Structure formats: C-alpha cells, structure tokens
2 protein chains.
Amino acid sequence: MTRFDSATAVVRVGENRYAAELDPGYLIGAAINGGYLMALLQRAVLAESDHAHAVSSSYHFHRPGSGGPAEIETEVVKRGRTVTTVQATLRQSGRTVLTGTVATATLDSQAQPIYTAPRPEIPPIEQCRSFDPRSSHLADDGFLARVDVGFAPDSYAALLREHTVDTPELLGYVDLSARDGGPAEDPAAFVPLAVDALPPIVSLLTDWSWAPTVELTWHLRAVPEPGPLAFRVHSSLVSDGWFDENVELWDVKGRLVAQSRQLARVGR
Amino acid sequence: MTRFDSATAVVRVGENRYAAELDPGYLIGAAINGGYLMALLQRAVLAESDHAHAVSSSYHFHRPGSGGPAEIETEVVKRGRTVTTVQATLRQSGRTVLTGTVATATLDSQAQPIYTAPRPEIPPIEQCRSFDPRSSHLADDGFLARVDVGFAPDSYAALLREHTVDTPELLGYVDLSARDGGPAEDPAAFVPLAVDALPPIVSLLTDWSWAPTVELTWHLRAVPEPGPLAFRVHSSLVSDGWFDENVELWDVKGRLVAQSRQLARVGR
C-alpha cells in the first residue's frame, strides 16, 4: 500500500460516520494541505455511493487541519440512477475543518468527446524542473516529498522570479512521489490532491505566503490513465485580497481529466 | 419593486427557516430556471450573515423546481471576521430541490486589481441581437420575457446554426427586462440569475434540449455597477453525456464581476 493510499484511508465507525488519521507528512507549514483533505473526504463519499466516480465536488474550507485524528460525517442528499449526491463534513476536536458536497456518477472510460478544447503546449516531462524538498523552507519530509511536481522551464524561472510575469500561468506535471510508493491504486483518487498540490498562482505576482483556500470546486471529466498528470494553472483576477486559481489536468493520453477553480485569500 | 425583487423575496418564518413563493414566470418548460433559484437562496443566505456579499457560492441541483411555495432552511457553518459560510436547502413539498454552500464576505467596491486578465472583444450592445420571446417555443410571458439577452452577431448566427462552430463560445449582454421593472435594487442580487440565464453552450454543438445543471459554482469578484453585464460563455469538454459551461461577466466599467462554471448533462 502506498503512503497516499494509507494516509487517505477512512474507517467506517457507524452509520454515516467515518474515522481517519491525518498524516502530518501532508502539512504545509502549520496547516494540512487541502487537496489531501479532499482526497480523504472523497473516500468516505464514494463509500456511501453506488457510483464509482466523484464527478463534481465542491468544498468549503473553514479552519486549517492538523495531523492526528479526524471524524467524518456523511449524508446522502439524493440517490439517483445517474447521480447520487453526498455531503461530507470533516471535524477535528469537534471543530469543522472542511465541508464538501459531491455529485457521484459512473463515467465511461471509453467515451469519445463531442468537443474538447485544445490542450496548451506543455514541454515534455524530461525538460521540466523540480524544486528539491531538502532546499525548501518546508520540512525535508513534508509536503514537497509527497508529490513530485515538474515545472516547464518558463514556469520554473517565473517561480524563481528570474523574470516578471505578464500572465500568471504555470505548466508542468504532477504525480505522487515514487519515494512514497508511487501512484495511488485508483488514479482518480489522486486527482483531488493534484488540483491543490501546486504553488499558489498568486506567488508569481506577490511575495510568497500562505494563500488559504476558501472554496474549491473540481470536476472529474474522464477516468485518468495511470501516470503523471500534465497541468496548467492560471488566474483571471487578483483583487481586494482575493484570487481565483484554475487548474486543468490531462492524463498521459492527453485527455482532459479534471478542471478545478478555487477562490482563495492573498496571504499577508 | 421590480418583478425580480419580489419574485426572489424570502420571508423569515422561524430560526433558520424562510418561506418563498416561486414565480412561474421563471419556468423554462417544466422546470424553474436554476439561476432564479440561486438568486432566491442567496437572499436567505445573506439574511443570516453579517457580511454583504456572496463571494463564493456552490450549488447542487437535485430535482427540478416548480412554481408555488417553497421552504428554505439555513445553517451557519462558521462565522468569521473575513468569511461567514452558510449552507442553505430549498425544498418543495418536502423534497430537496437545491442545496448550496455560500462563503459570504464584504467586498471593497473601490479595490484596484493587482492583476486582471484581458476582457475578450465584445461588440457594442447596439450591435447585438435578441430573440423575440413571442417567436419562441417557450411561453410568451415565460423566462425569455424576464431577462434581456443580446448576442454578438457571430453568436446569434451560431445559435441559429447559420454556420458550424469550431469553438463553442457566446458573447453578448444580459440584463433584467425593462418590461419587468428593470434592474434589481442591488445589482449583485441579479448575478446568480445572470450566470444561468443564457442558452446552454452545448446547444451550439448538439440539438437543442433541456440541459440539466448538476453543479454550479460562481464567485462574485467585484461589486457590479448598475447596468447590463457583458458575458462570455465557453466550454472545455463535451463528453460522456457531460459538459462544462463557463460564464464570465463584466460590468459597464469593464470590471470582471463574476466567474461561474457549471457541470451539466447533455439533454436527450
């Protein structure tokens, strides 16, 4: 079992109730990564549904999560033949950390798109560059060691502030770290982590700081093939202390597998 | 009082409980427009919050709504100095129609963006063309009479299928109908209706049909000035019976005031 799979395991402890142990290896500074929390909540949601996939997931983040025990409460809002919708709440020490509403359905892995927007040009993975977790201000065995992120050369230079940026955009590839046992057993289980595992797009425009997510919605558009996911991150507006961060992910077959948008606060 | 303001009024009938009367004038065929329902739920949400604006709103649609009485239940998930989050459920005859989670905050109408993506070229409103509600298969006094939508000439031609479409995109302007008493008292109250008042983008690619929304999240990015909102609608993927529809709205000052994305079913 990979670290990701065991770190996101949930145990059913009663009707509509699950227990989990949050792995401090997913901390970024003092807060657990939100993508990790979504991946965990998704396990409980799918356990409550007859459908295989979390196709549309909207999460609101209320408080930072920390390592240690957590409780999950679920409620099926509606069961349907096409869509079953499940609400889930993650609490630690009785305080609400994260609430989510997830529309589950069963995607056809053989579906042929009627329309698909062109994928941006993303350089081959061999040309991408990574930050060494050991050189980071984050812990050596912290979040950066969980997820491998390779940035396109332009994106890497932009993150290092080697040049100024007209359009905030990051391109590259994201995958679970081989050091942690590699890919998740179910490639779709990794997606909620992947859409929130990248540096805040606002860090291309402002000083680096924690950028707390207020809301994140993501859609699973196709069942991903195993392998690294190509990403594009961009933003439309940074204003009044708020920014949007949009992530698209493509699998190794070049198919759009996920779209996310989060609204977050510009850190101070 | 305009028709929109009275049609979206809610009456507090108890702790965390509101009553509303759904106006059948917002029906599209047999189902009430989802944007109208979001506008109505937003009234109850903001009544429960100390903050002025619904900055991030995620809604899941469970059943079609119909004209007549509805009950709304609210729950404040967390009260905060920056963000207060409220969940709301709309029921008719005891059945859940719509659930929403809304992060409320107070936006600064004088904020100067740090970054804003360029607005697409949208022809002036005088060059835009509208469908005559009386020539529609929808009722004469139905949804098309509630909202004025002017389409850019290319978009209008695309909707009429005068040419085939490489990229599904619609450009134009949307406003409450002058015939109904014109703009809402609070321009921000109209936004949730505006993001769901346009023809389904998928109708550029497939036969016209009802395209039920499963999930819609929208963000209020600035307080709109009174006046028509310019729009761009586009999609990234139509596949496996699902499509995403993305709407951006700009106010008369050219500021991005809202972004939405919905995941919906391709109608049959």
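Given the structure is predicted, the values throughout are model-derived calculations rather than measurements. Just so we're on the same page: letters track the sequence lines, and every chain starts at 1.
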**Asked** Which region of B:Thr101, side chain (C-beta onward) or backbone (N, CA, C, O), has a non-hydrogen atom less than 4.5 Å from a non-hydrogen atom of chain A, or is it both or neither?
**Response** both

**Asked** At a heavy-atom separation under 4.5 Å, does B:Thr84 approach chain A through its side chain, its backbone, both, or neither?
**Response** neither

**Fill in**
Turns out that what part of B:Val102 lies under 4.5 Å from chain A's heavy atoms comes down to backbone

**Prompt:** Roughly how far apart are A:Ser56 OG and B:His60 NE2, rounded to 0.5 Å?
**Reply:** 5.0 Å

**When B:Gly241, B:Ser58, B:Gly80 are compared by non-hydrogen pairs under 4.5 Å with chain A, the top option** = B:Ser58

**Request:** Count the heavy-atom pairs under 4.5 Å between each of B:Thr206, B:Val202, B:Val55, B:Val266 and chain A, then report the option with the highest count.
**Result:** B:Val55

**Asked** Taking A:Asp108 for the side chain and B:Asp240 for the main chain, is one N or O donor matched with an acceptor at less than 3.5 Å?
**Response** no

**Asked** Measuring from B:Thr89:OG1 to A:Gln87:CD, what's the distance to the nearest 0.5 Å?
**Response** 6.5 Å

**Side-chain heavy atoms of A:Pro113 within contact of B:Val238, under 4.5 Å** = no

**Prompt:** Do B:Leu263 and A:Arg221 have side-chain heavy atoms sitting under 4.5 Å apart?
**Reply:** yes

**Item:** Contact leader toward chain A among B:Val77, B:Leu205, B:Thr99, B:Val83, where contacts are heavy-atom pairs under 4.5 Å
**Value:** B:Val77

**From B:Gln262 atom CD to A:His219 atom NE2, the distance as rounded to the nearest 0.5 Å** = 9.0 Å

**Request:** Look at atom CZ of A:Arg161 and say whether more than 12 heavy atoms of other residues, nucleotides or ligands are closer to it than 6.0 Å.
**Result:** yes

**Prompt:** Given that the side chain runs from C-beta out, which part of A:Ser260 has a heavy atom under 4.5 Å from chain B: side chain, backbone, both or neither?
**Reply:** backbone

**Asked** Closest approach of B:Tyr115 and A:Ser236, non-hydrogen atoms and distance?
**Response** CE2-O, 3.9 Å

**Prompt:** How many angstroms lie between OG1 in A:Thr116 and CG in B:Leu237, if you round to the nearest 0.5 Å?
**Reply:** 5.0 Å

**Message:** Rounded at 0.5 Å granularity, tell me how far CZ in A:Arg261 sits from OG1 in B:Thr217.
**Reply:** 9.0 Å

**Fill in**
Highest number of heavy-atom pairs under 4.5 Å with chain A among B:Gln259, B:Gln112, B:Arg63, B:Gln110 belongs to B:Gln259

**Asked** So which part of B:Asp244 gets closer than 4.5 Å to some heavy atom of chain A, the side chain, the backbone, both or neither?
**Response** both

**Message:** Would you say that A:Lys78 contacts B:Thr96 through its side chain, given a criterion of any heavy-atom pair below 4.5 Å between the two side chains?
**Reply:** no

**Message:** Is there a side-chain contact between A:Trp242 and B:Leu107 in this structure, where contact means two heavy atoms from C-beta onward sitting under 4.5 Å apart?
**Reply:** yes

**Prompt:** Under a 4.5 Å heavy-atom cutoff, which of B:Ala117, B:Pro118, B:Ala222 has the most pairs with chain A?
**Reply:** B:Ala117

